[in-house]
Protein chains: 2
Amino acid sequence: MTTKHDDIIEAAKILLWEKGYDATSPRAIQELSNAGQGSFYHHFKTKKDLAAKTMEVVVDERIAEFDEIFGESGPVKERIKRFLLEPRDVLKGCRIGRMVWDSAIGEDDLRRPIQKFFQHLQSQMVAALEQALAAGEIETDIPPEQIATMVIASIQGALTLGRAMQDPAWYDRTIQGAVALVDSVIKPCR
Amino acid sequence: MTTKHDDIIEAAKILLWEKGYDATSPRAIQELSNAGQGSFYHHFKTKKDLAAKTMEVVVDERIAEFDEIFGESGPVKERIKRFLLEPRDVLKGCRIGRMVWDSAIGEDDLRRPIQKFFQHLQSQMVAALEQALAAGEIETDIPPEQIATMVIASIQGALTLGRAMQDPAWYDRTIQGAVALVDSVIKPCR
DNA sequence: GTCTATACCTTGATAGAC
DNA sequence: GTCTATCAAGGTATAGAC
C-alpha cells in the first residue's frame, strides 16, 4: 500500500454494507481506515463521490463472483440453481440491493453501478435461457425475461424477509421455493 | 383534530415512506405537521418512539388492505393473483419493506410491527393453501410455506428491482413471472 | 499525501413560558 | 398541549502546516 486511497475504499465497503449510505459518516470511515480528514478529502471530493467509487468496486466484485458461479458450463437449469443456492450472509443482506432504499439511489453516480449489476445478471440469464431454448434443450411457457427477473427478485426478496424476521429460515424457505418453481417450469426436452 | 398527535403521526407516515428512518429528522416531521418542538416531545418520547408508533399504524392499515384483497372468496389461486397484481407505487416501494434496510430494524419496537406484517401475510396464505389442499381443490408439489414465502418475496424483490432500475417495467416483469409460476405450480384438481 | 485544527450546519433533545 | 429558545453532539467539509 502506497497511499490511503485503498484503505478508505476498503473501510467504506464495510460500513456501506453494514449501515448503508445515510448512516455512514466520513468520520466513521476515517476512523476505520486510520486516515485523517486530509487523506479523505484529498482522494475523494465528497462522501457521495467516495460512495460512488466504492459501489463501482463492489459491483465489479459481485459481477465477477456471479460470472464464476453462473458461467461454468452445464444445463441452464443447474446454473440458475447454483446462483440461487450460492451461500449468502442473510442478516447483512445484499451489498448492492440494500443501497436501493438509501437516499444514495437518488444520485446518478451511485445509481449507475447498481443498475449495471442487475442489468448484467439479467442479460446473462436471459442469454443462457434463450440459447438453451434455441438449441431445443429446454421448453417453457414463461418468457426468459420473466424467469430471469423473477430469480433475481426472489433473492432480493428472500434477503429482505430474512432480515425483517431476523431469521435465515425465511430466506431458506424462499430460496427453496424459487428452486422448486424454476425446476417445475423449465422442462428438459427429453 | 383536537391535538397535534395525529398530525405528527400523519407526517411521519409520509416521510418514513419517502425517506426512511435514518433520513427523516424530527424537525422535518415538525415542519410538515405544523407542530413545534413542544408538541412533538410532549406526545412522543423520542424519534424512535414516534417511528415505532407510526409503523404500528402503517402495518395495521396494510394488513387491513391485504385482508380486503386476499380475503374475498374465490379459488386460492385467484386470491394469490389478486394480491400479486394489486396496484403499487413502484418507485416509492413498500412502506414496510423499505424499513428493513434502515437502522430502524435494529430496534425491537420498530421491528415488531414489521414482523407482524410479514407473519400475517404468510399465515393467511398458508392457511388458504392448506385448506384448498385438504378440500382436494388443488394439487401441488411445493409446500404451502414455500409458495407463500415466495409470493411475498417476489413482491419485495420486484419493488427493489423497479426502484433500482427506476423503471416499473422491471417490477411488472417480475410480477408477471410470479403470476405465471404460481399458475403453473398450483394445479386445479379437475 | 497526510496530518491537525477549525468552521459551519443539522440532529435529537431539553427548558421553561404561555 | 403548544410554543420558542437553547444546547451538546455529531455530520460534512475546508484551511493550512508538514
Side-chain angles (χ1 to χ4, degrees), chain A residues 1-57 98-99 101-111, chain B residues 1-57 98-99 101-111:
Chain A
M1 141 207 144
T2 56
T3 92
K4 298 238 158 175
H5 178 276
D6 293 358
D7 293 347
I8 293 169
I9 293 263
E10 221 39 51
K13 276 165 62 176
I14 293 169
L15 291 174
L16 286 180
W17 192 5
E18 202 167 294
K19 298 169 166 303
Y21 178 80
D22 288 325
T24 297
S25 70
R27 270 219 255 273
I29 297 170
Q30 288 155 30
E31 278 159 24
L32 187 59
S33 61
N34 290 309
Q37 295 278 87
S39 299
F40 187 98
Y41 287 102
H42 172 74
H43 292 295
F44 307 98
K45 212 170 137 19
T46 62
K47 167 184 168 178
K48 186 162 57 183
D49 177 39
L50 166 60
K53 287 176 175 148
T54 302
M55 287 313 291
E56 284 170 19
V57 172
R98 65 118 59 238
M99 292 298 152
W101 303 107
D102 234 307
S103 74
I105 201 72
E107 310 290 339
D108 287 0
D109 292 347
L110 271 153
R111 193 173 53 240
Chain B
M1 141 212 144
T2 55
T3 90
K4 299 237 158 175
H5 177 277
D6 293 358
D7 292 347
I8 293 169
I9 293 262
E10 222 39 51
K13 276 165 60 176
I14 293 169
L15 291 174
L16 287 180
W17 192 5
E18 201 167 293
K19 299 169 166 301
Y21 178 80
D22 289 325
T24 296
S25 69
R27 271 222 251 279
I29 297 170
Q30 288 155 30
E31 279 160 21
L32 186 59
S33 60
N34 290 311
Q37 295 278 87
S39 298
F40 187 98
Y41 286 102
H42 172 74
H43 292 293
F44 306 98
K45 213 172 135 18
T46 62
K47 167 184 169 179
K48 187 162 57 184
D49 177 40
L50 166 60
K53 287 178 174 147
T54 302
M55 288 313 292
E56 283 171 20
V57 172
R98 64 118 59 236
M99 291 297 152
W101 303 107
D102 234 307
S103 75
I105 203 72
E107 309 291 341
D108 287 0
D109 293 345
L110 272 152
R111 193 173 54 239

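Lettering of chains follows the sequences in order, A, B, ..., and the numbering in each one begins at 1.
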Check the distance between [N]'s [atom2] and [X]'s [atom1] and give it to me in whole angstrom.
{"X": "B/F40", "N": "D/dG1", "atom1": "CZ", "atom2": "P", "value": "16 Å"}
{"X": "A/D7", "N": "C/dT2", "atom1": "CG", "atom2": "C1'", "value": "12 Å"}
{"X": "A/N34", "N": "C/dG1", "atom1": "CG", "atom2": "P", "value": "19 Å"}
{"X": "A/Q30", "N": "D/dG10", "atom1": "CD", "atom2": "C1'", "value": "13 Å"}

Check your understanding: Got a salt bridge between B/D7 and B/K4, using NZ or NE/NH1/NH2 to carboxylate O under 4.0 Å?
Key -> no
Practice item. Inspect the contact between A/E56 and A/K53 and indicate whether a charged nitrogen and a carboxylate oxygen are less than 4.0 angstrom apart. Key: no
I'd like to know if the side chain of [X] reaches the main chain of [Y], judged simply by a donor and an acceptor atom lying under 3.5 Å from each other, with no hydrogens or angles considered.
{"X": "A/D109", "Y": "A/D49", "result": "no"}
{"X": "A/R98", "Y": "A/W17", "result": "yes"}
{"X": "B/D102", "Y": "B/G20", "result": "no"}
{"X": "A/S39", "Y": "A/A35", "result": "no"}

Exercise for review: Apply the test side chain to side chain contact (heavy atoms under 4.5 Å, CB included) to residues A/L50 and A/I9: give CA-CA distance (whole Å), side-chain angles for both, the deciding distance (0.1 Å), then the verdict.
Suggested key: CA-CA 7 Å; A/L50 166 60; A/I9 293 263; 4.2 Å; yes
Got a list of protein N/O to nucleotides 4-7 of chain D N/O distances below 3.5 Å?
unit_1, atom_1, unit_2, atom_2, d
D/dT4, O4, B/G38, N, 3.3

Exercise for review: Validate the cation-pi geometry between A/K48 and A/Y21: distance from NZ or CZ to the six-membered ring centre under 6.0 Å, angle to the ring axis within 45°.
Suggested key: no
Exercise for review: Report the C-alpha distance between B/H5 and B/F40 in whole Å, list the side-chain angles of each, state the deciding distance to 0.1 Å, and finish with yes or no for side chain to side chain contact (heavy atoms under 4.5 Å, CB included).
Suggested key: CA-CA 8 Å; B/H5 177 277; B/F40 187 98; over 6 Å; no
**Study point:** Strand contacts (DNA chain D) in residues 42-49 of chain B, 4.0 angstrom heavy-atom criterion
**Key:** B/H42, B/H43
Practice item. Choose from C/dC3, D/dT2, C/dT14 the nucleotide whose nearest atom is closest to any side-chain atom of B/Y41. Key: C/dT14
Exercise for review: Would you mind telling me which of D/dC3, C/dC3, D/dG1 lies closest to the side-chain atoms of B/T3?
Suggested key: D/dG1
**Study point:** Over 12 foreign heavy atoms within 6.0 Å of NZ, A/K47
**Key:** yes
Exercise for review: Let me see the working for A/L110 and A/I105 under side chain to side chain contact (heavy atoms under 4.5 Å, CB included), right down to the final yes or no.
Suggested key: CA-CA 6 Å; A/L110 271 153; A/I105 201 72; over 6 Å; no
Review point. Residues from residues 12-26 of chain A sitting under 4.0 Å of DNA chain C, heavy atoms only?
Key: none
